[in-house]
Amino acid sequence: MGMLKLKPSCKDYIGGGHRLAEEYGKEYDGDVLAESWELSCHPDGPSTIVNGAFAGKNLQQYIDAQGKEVLGSHCRRFRDFPILIKFIDAKDNLSIQGKG
């Protein structure tokens, strides 16, 4: 198995800016780019594979096809892929949110 290259899912929430595109080279054609979900299986914005046999498929489709073994021994126990890595560009202060 080779390394997967992923295309992030981009979000244009109110209060987003331009830094992710201008300073970090994130490809996006909207007015504002609030978040770039770099590693995601979330149904609202899964990462898309851009290389290899699974190019064009999203990360969850890859895991479903290859089996949870591709996640390693510590992630197999989770029902859903437990990681979401994202960059945030907010023009205003953000509130702290937690899962209660």
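Computed from heavy atoms alone, side chains included, the values below leave out hydrogens, waters and symmetry copies. Model, not experiment: these values are computed from the prediction.
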To the nearest 0.5 Å, how far apart are [atom1] in [X] and [atom2] in [Y]?
{"X": "Lys26", "Y": "Cys10", "atom1": "NZ", "atom2": "SG", "result": "8.0 Å"}
{"X": "Leu39", "Y": "Leu6", "atom1": "CG", "atom2": "CG", "result": "6.5 Å"}
{"X": "Leu33", "Y": "Ile88", "atom1": "CG", "atom2": "CD1", "result": "11.0 Å"}

Would you say Gln66 has more than 12 foreign heavy atoms packed within less than 6.0 Å of its CD?
yes
Chi angles and distances behind the side-chain contact (heavy atoms from CB on, under 4.5 Å) call for Ile63, Val70:
CA-CA 7 Å; Ile63 294 168; Val70 298; 4.3 Å; yes
Atom of Pro82, atom of Phe78 and distance for their closest heavy-atom approach:
CG-CD1, 3.6 Å
Without placing hydrogens or testing angles, list every side-chain donor-acceptor pair under 3.5 Å for residues 15-25, not counting sequence neighbours.
from, atom 1, to, atom 2, distance (Å)
His18, ND1, Asp31, O, 3.2
Arg19, NE, Glu23, OE1, 3.4
Arg19, NE, Glu23, OE2, 3.1
Arg19, NH2, Glu23, OE1, 3.2

Strictly by salt bridge (charged side-chain N to carboxylate O under 4.0 Å, His left out), give each pair with a member in residues 61-71 just once, sequence neighbours left out.
none
Atom pairs and distances, donor-acceptor, side-chain atoms in residues 44-57, under 3.5 Å, two or more places apart:
from, atom 1, to, atom 2, distance (Å)
Ser47, OG, Glu38, O, 3.1
Ser47, OG, Ser40, N, 2.9
Asn51, OD1, Lys5, N, 2.8
Asn51, ND2, Met3, O, 3.0

Kindly write out the residues that satisfy side chain to side chain donor-acceptor pair (under 3.5 Å) with Lys7, not counting sequence neighbours, or none if the list is empty.
none
Members sharing Leu84's hydrophobic cluster (side chains within less than 4.5 Å)
Tyr13, Trp37
Please enumerate all residues that pass salt bridge (charged side-chain N to carboxylate O under 4.0 Å, His left out) together with Lys11, with sequence neighbours excluded.
none
Should Phe81 and His42 count as side-chain neighbours, where that means a heavy-atom distance under 4.5 Å?
no
